[in-house]
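Numbered from 1 within each chain, the chains take letters A, B, ... in sequence-line order. For the numbers below, each heavy atom of this structure counts, side chains included, while hydrogens, waters and symmetry mates do not.
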Amino acid sequence: MNTPEAPGRSRWFWPGLVIGWTGIWFGWHNVIRSGVDPTTLAKWLVGSLLAHDALWAPVAALLGVITARWLAPWLRGPFRVALGLSAMLILASRPVVARYGALADNPSVDPTNAGDGLLIILALVWSTATASALVLRRRPAYPT
Amino acid sequence: MKQPTAPRVSTRVTVAVTRVRQRGAYAIARLETRRDAVLAGPAHQPRTAAILGVALGVCFSICFATGLLSHLIQHPPTWFSYPARPAGLYRVTQGLHVATGMAAIPLLLGKLWSVLPHLFQTPPVRNVAHLLERVSLIPLVAGSIFLLFSGTNNVAKWYPYKFDFVPAHYSVAWITMGAMVVHLGAKASTTRLALSRAPTTGDQADNQPTGSLHTPGRLSRRGFLTAVAGGAGIVTIATVGETIGPLKDVALLAARRPDRGVDHVPVNRSARGAHVTDAAQALDYRLVIDGQVHRPLSFTLQQLNQLPQHEATLPIACVEGWSASARWRGVRVRDLLTKAGAAENATITVHSLQTQGLYAFSELDADHTADPDTLLAIQMNGKTLALDHGYPLRLIAPNRPGVMQTKWVNRLEVK
């Protein structure tokens with residue numbers, strides 16, 4: 001059952017709009033003042049938005065449809081959770097695992113074993129998901 | 001018998017347009033039906049979005065406050081003063097900044113997934129206020145993703161963009177927080193309503209539709225939120241050990257280990273990277289104390305070693321979130337100022353042999369100058385300071401960002 005939107009507009013709407021856009025203006029003003037190229041930064045901001053809305057979200061939705069079609073119900077939930085967590089972990093750890101910032105004269109930056117660490121974590125995630133799926137498989141469906 | 005005539009062109013066009021409109025309306029209706037079915041799912045319900053929104057708001061608020069503090073410490077306006085105690089405060093605040101930023105990654109992805117169907121709501125704009133609300137989502141989402149992306153890259157010291165990370169990250173933080181304030185104001189009532197409705201027996205804690213069959217494995221609201229929280233937990237535990245020593249062995253994804261580096265302490269900028277290798281080892285090296293002093297002084301390293309030495313255990317707390325404690329031994333800064341006839345709590349500029357870059361010098365305020373643990377260190381952990389750690393002299397003071405613990409010090413200028 002969906003919770004409906006609160007009737008009318010929140011009394012904080014207009015104050016929030018004014019205060020919030022003052023903050024947005026201040027931030028953009030600082031971009032100009034600090035010498036950051038606004039066009040380049042704007043491209044990165046738009047690119048960030050598109051990376052989610054045009055790439056990440058559609059792929060996630062497509063995987064949702066595929067798993068709904070091809071996976072048994074008891075397997076669907078654990079598999080989706082493991083897949084989502086794996087994608088998030090790979091994305092979040094990419095710069096460290098790939099050692100993009102590694103420096104030849106500074107071995108303390110981006111340790112070389114982060115890739116092994118990621119594999120260990122992914123193994124734990126998928127092991128937990130598999131165990132959950134096996135437990136759920138034995139449970140019968142029940143009316144709500 | 002008269003033969004029927006072919007329909008006129010205008011009639012055929014009208015029929016074709018009508019058919020396109022009908023098919024379009026039918027397609028939109030099907031999409032809306034599908035969207036509403038998705039919205040009925042536990043992961044996309046207002047209560048789910050509200051819970052994730054609150055968690056994300058808390059993370060972003062802590063991240064913003066601690067980041068703003070770090071900015072003010074490094075670029076202090078005239079009205080700002082920062083104490084020397086507690087000695088490890090910056091270590092805590094900056095560690096919290098990076099930890100909440102990392103935890104926000106799965107929270108943001110979960111929140112965006114939860115509200116995704118609303119992107120296709122019809123009509124897309126109901127009135128002017130609604131238009132303003134929806135337009136304000138653009139800087140909110142774009143800024144949030146950019147902040148987490150650039151912050152994560154900074155921890156790994158990777159800069160794939162041409163602009164300077166520090167001002168860009170700081171400016172976008174203000175833009176994002178401003179957009180968040182707009183969003184809070186717009187959604188305050190809805191959020192309160194969503195959080196105040198306890199699940200009923202018809203609604204169930206698992207949010208299954210009444211009268212349906214619950215199939216084990218189907219992801220409930222609780223399951224979805226647990227998965228998101230689990231993701232935040234994993235990311236946090238796998239990275240926070242770069243500042244919390246006892247967790248360093250499980251910091252599998254941390255960009256730094258607090259015990260890995262020259263003499264088991266991490267290094268941010270090496271002597272080679274700062275182009276000071278020759279100057280730091282020059283035989284004619286001297287420390288100069290000048291400016292507003294009665295007696296300008298100059299010391300060789302041997303002379304500094306003969307002055308009264310003091311020890312202090314203090315952390316190097318980097319702006320990138322990692323920190324590592326060490327035992328430092330050297331000369332008190334206030335003792336040197338006394339010798340030069342300057343006030344013990346004078347404000348000084350600490351100059352480095354490094355001539356290029358933002359951190360070629362740092363300002364030391366009165367509180368830090370007068371602190372008994374503010375040293376020009378000659379040794380670290382019982383050994384002569386390594387070149388990459390600032391040999392021959394390094395400033396070390398309590399409660400101060402690592403970038404301001406100036407290395408390769410060659411001059412104290414008293415203001």
Side-chain angles (χ1 to χ4, degrees), chain A residues 1-3 5-6 9-10 12-13 15-17 19-24 26-28 30-31 34 36-37 40-41 44-46 48-49 52 57 60 73-78 80-81 84-85 88 92-93 95-96 100-101 105-106 108-111 114 117-118 120-121 136 139 141-144, chain B residues 45-47 105-106 109 112 116 129 132 139 141-142 145-146 152-153 156-158 161-163 167-168 171 174-175 177-179 181-182 184-186 188-190 193-194 197 203-204 208 212-219 223 227 231 235 238 252-253 255-257 260-261 266-267 270 272-273:
Chain A
M1 181 174 169
N2 286 319
T3 304
E5 285 272 333
R9 190 160 305 285
S10 164
W12 297 106
F13 177 80
L17 193 76
I19 295 170
W21 273 96
T22 303
I24 292 171
F26 178 79
W28 196 251
N30 199 69
V31 168
S34 62
V36 175
D37 179 31
T40 307
L41 181 60
W44 275 92
L45 289 171
V46 171
S48 299
L49 190 64
H52 176 268
W74 56 270
L75 186 56
R76 219 172 280 161
R80 284 172 173 173
V81 168
L85 286 177
M88 182 275 298
S93 65
V96 175
Y100 289 140
D105 62 340
N106 191 351
S108 67
V109 177
D110 293 349
L118 178 62
I120 292 171
I121 294 173
L136 290 168
R139 287 191 190 167
Y142 56 86
T144 59
Chain B
Q45 292 187 356
R47 189 175 173 85
I105 295 174
L109 290 173
L112 290 175
L116 184 65
L132 292 171
V141 178
I145 296 172
F146 176 80
T152 308
N153 293 341
K157 298 194 81 65
W158 178 48
Y161 20 75
K162 290 195 174 75
F163 45 76
S171 304
W174 276 101
I175 291 170
M177 290 307 289
V181 168
V182 176
L184 284 173
S189 300
T190 306
L193 191 68
R197 281 173 60 95
D203 209 5
Q204 298 89 14
Q208 302 304 318
S212 67
L213 202 65
H214 173 79
T215 309
R218 186 177 173 186
L219 204 57
V235 166
L252 302 176
L253 301 180
R256 304 296 193 112
R257 288 279 301 263
R260 189 168 298 177
V267 170
S270 66
R272 188 175 157 196

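Of the possible donor and acceptor atoms, one in the side chain of A:Ser10 sits under 3.5 Å from a partner among the backbone N and O of B:Gly185. Although no hydrogens or angles enter the test, the distance criterion places no donor-acceptor pair under 3.5 Å between the side chain of B:Arg272 and the main chain of A:Asp105. Using a distance-only test at 3.5 Å, with no hydrogens or angles considered, a donor-acceptor pair links the side chain of A:Ser34 to the main chain of A:Val31.
When the candidates B:Thr152, B:Ile145, B:Ile105, B:Val267 are compared by the number of heavy-atom contacts under 4.5 Å with chain A, B:Val267 comes out ahead. For the options B:Gly261, B:Ala255, B:Gly273, heavy-atom pairs under 4.5 Å to chain A are most numerous at B:Ala255. In terms of heavy-atom pairs under 4.5 angstrom with chain A, the leader among B:Pro167, B:Ala238, B:Ala188 is B:Pro167. When B:Asn153, B:Val181, B:Val141, B:Leu132 are compared by the number of non-hydrogen pairs under 4.5 Å with chain A, B:Val181 comes out ahead. The greatest number of non-hydrogen atom pairs below 4.5 Å with chain A, out of B:Ala129, B:Ala179, B:Ala227, is found for B:Ala129.
Nearest approach of B:Gly231 to A:Leu85, heavy atoms of both residues: CA-CD2, 3.5 Å.
Interface residue A:Leu41: backbone and side-chain heavy atoms are both found under 4.5 Å from chain B. Residue contact with chain A, scored on non-hydrogen atoms closer than 4.5 Å, involves the side chain of B:Pro139 exclusively. The contact between A:Thr40 and chain B is made by backbone and side chain atoms together, counting heavy-atom distances below 4.5 Å. Both the backbone and the side chain of A:Asp110 come within contact range of chain B, with heavy atoms under 4.5 Å apart. If you measure heavy-atom distances from B:Leu184 to chain A, you find no contacts under 4.5 Å at all.
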